[in-house]
2 protein chains.
Amino acid sequence: MKIDPNSSANLSAQIAKAIRDSIVAGDLIINERLPSEAELADYFQVSRPTVREALKRLAAQSLIRTQRGATGGAFVNRLSFQEAYADHVTTSTLLLSMNEVSFDTACEARYALERSCAPLSAERRTADQLATMRTEIFRQSQPSLTDEAYCASDVAFHRALVDGAANPVLSYQLAGAIEAMQPLMNMITFTMRSREIMVCLHSSITDAIESGDGDAAVECLHNLEAETRKIAADAFAARSAARQRSATITKITG
Amino acid sequence: MKIDPNSSANLSAQIAKAIRDSIVAGDLIINERLPSEAELADYFQVSRPTVREALKRLAAQSLIRTQRGATGGAFVNRLSFQEAYADHVTTSTLLLSMNEVSFDTACEARYALERSCAPLSAERRTADQLATMRTEIFRQSQPSLTDEAYCASDVAFHRALVDGAANPVLSYQLAGAIEAMQPLMNMITFTMRSREIMVCLHSSITDAIESGDGDAAVECLHNLEAETRKIAADAFAARSAARQRSATITKITG
DNA sequence: AGACTTTTAAATGTCAGACAATAAAAATAT
DNA sequence: ATATTTTTATTGTCTGACATTTAAAAGTCT
């Protein structure tokens, strides 16, 4: 493992970087045990708390796991897609909310990416994934569904569609785009009419996927994107108009 | 902020989660200063080192930054796309290498995603991005280029293509797919002939993007994917054959 | 008064040493 | 031989201290 120059910078950050580089470079194999905290402290010529801070940084990225006890220690973690999934979604969500990404920008990215999965999904989707899509469509057609539950079902539907491509790399990358949009979608109040249209489009997509017609699925996704943006635009316009009215009332009455 | 149940679990992890949830929920605004370590320690009823470990976890995810000095402390970080970029690439790279994702799977995902950017890029690319693509193509045509430098140029070319879509969400998500493939590409020895073909395809893509013909660009990307997979298959076959031969020799002579 | 310098205070960064909790291995007893 | 106890190595946490950094307050000189 590499040493640390005694330059002016967070020691714990430097140590974390040194260990992370070793993992990325493959010098540390999966499930390999790192030296104990005391040994690392000795090696890097720092105190144990400093080493611990460095290890916590790595643990935060799921790069290592720690175990107490006699044969315990820090071990290089196998980074599974499933584990990385949650982190990716959280980060993507924060990126969207903190950078004031417009609904249209996020929506465009989401459907562009999703269309790239459609042809593969049309080829490979399992019966199970198809059933999930149909189940979610049915759920979405229930008028009693709250807007939040409707959005959650929408995510589940699209996730099944993406998983149908049977490519973990695609599923992982898409997760960030699709799930991170949920907070934005939750800001929308879906009218019964707009739900009907979307359910109809979802059905068309599922039909296309079932019949193996990727091109048709892509076409439907284009329509769904247009419809989603239209609904969002209406919802935001209505909200803005309401704000305008209330401001006017305040101006008059206040 | 939420409290901590005194259950059996890493205190630092619990505290990190509590603070992270507050940030994600929007209770803590960008650039807002967290309470000092001493105050947090007092609030959560733990020692300062424990609080520090929690803060280091958050710092590792770029959720907070810390500043020394009188008015220093931990501040909620604006998570910029640029910052998240590096993390995303690292994680994606590790996911690929640790999960033994096949070249074909990664390649399929990469080009599927990239094709989703092509139509947008054909519409919106700037002259600067187009120039970058041409520059990288020229670089790739230099026979003196090492394989690694060739791959790096390839990444730069495709990155310019993706950035042409002028959608930060797309650029961010694509980064994971494109840059994470570089280590896999580096395993390939590119022959002069295969480089020629790829340079030619890159030129066709650039021409299509320049003339605003998204469909043609998508078509070219399909060809490029097929060519890339073919080159990789040949390279792996050659390597496997070499191994076979050397094994046979060992068997005979050893 | 205004500009420059010094001091002060608050915060993080780091260290040292200690004890608790845990879990596996070794030693012991049944 | 099996079950129980003891030992031991390691991480988790605490206490208390000092170093370093930074901005603001106080002081000083022109």
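Numbered from 1 within each chain, the chains take letters A, B, ... in sequence-line order.
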**Item:** A:Arg57 and A:Glu53: CA distance, side-chain angles, deciding distance, salt bridge (charged side-chain N to carboxylate O under 4.0 Å, His left out) verdict
**Value:** CA-CA 6 Å; A:Arg57 295 181 112 105; A:Glu53 287 181 6; 5.5 Å; no

Separation of [N] [atom2] from [X] [atom1] (nearest whole Å):
X	N	atom1	atom2	value
A:Asn10	C:dT12	CG	P	12 Å
B:Leu55	C:dA11	CG	P	14 Å
A:Gln45	C:dC15	CD	P	10 Å
B:Arg68	C:dA9	CZ	P	20 Å
A:Arg48	D:dT10	CZ	P	11 Å
B:Ile64	C:dT12	CD1	P	10 Å
A:Asp42	C:dG17	CG	P	13 Å
A:Arg65	D:dG12	CZ	P	13 Å

**Complete:** Closest to the 5' end of DNA chain C, once A:Thr71 and B:Gly72 are matched to their nearest nucleotides, is B:Gly72

Can you see if the side chain of [X] gets near the phosphate of [N] - specifically, an N or O under 4.0 Å from OP1 or OP2?
X	N	value
B:Thr50	D:dC14	yes
B:Arg33	C:dA11	yes
A:Arg52	D:dT11	no
B:Thr66	C:dG13	yes

**Request:** On the 0 to 90° scale, with breaks at 30° and 60°, tag the B:Tyr111-B:His158 ring pair as parallel, tilted or perpendicular.
**Result:**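 If you compare the ring of B:Tyr111 with that of B:His158, the planes turn out perpendicular.
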
**Message:** Would you say CD of A:Glu83 has more than 12 non-hydrogen atoms from neighbouring residues, nucleotides or ligands within 6.0 angstrom?
**Reply:** yes

Kindly say whether [Y] contributes a backbone atom to a donor-acceptor pair with the side chain of [X] at under 3.5 angstrom?
X	Y	answer
A:Arg78	B:Asn99	no
B:Ser97	B:Leu94	yes
A:Gln61	A:Leu58	no

What's the closest nucleotide to the side chain of [X] if the choices are [options]?
X	options	result
A:Val46	C:dT14, C:dC15, C:dA24	C:dC15
B:Pro49	D:dA23, D:dT11, D:dC14	D:dC14
A:Ser47	D:dT15, D:dG12, C:dC15	C:dC15
B:Ala70	C:dT14, D:dA23, D:dT11	D:dA23
A:Glu37	D:dG12, D:dA24, D:dT15	D:dG12
A:Leu11	C:dT14, C:dG13, D:dG12	C:dT14
A:Ser36	D:dT10, C:dT14, D:dT21	D:dT10

**Prompt:** Will you find, in the side chains of A:Thr50 and A:Ser47, an N or O donor that is under 3.5 Å from an N or O acceptor?
**Reply:**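 Per modelled atom types, A:Thr50 and A:Ser47 side chains form a pair under 3.5 Å.
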
**Message:** Quiz question: by atom type and distance under 3.5 Å, do the side chains of A:Gln129 and A:Asp163 form a donor-acceptor pair?
**Reply:**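 No.
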
**Message:** So for the helix from C:dA1-D:dT30 to C:dT30-D:dA1, with five pairs setting each end axis, what is the inter-axis angle to 10°?
**Reply:**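 Inter-axis angle at the termini of the helix from C:dA1-D:dT30 to C:dT30-D:dA1: 10°.
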
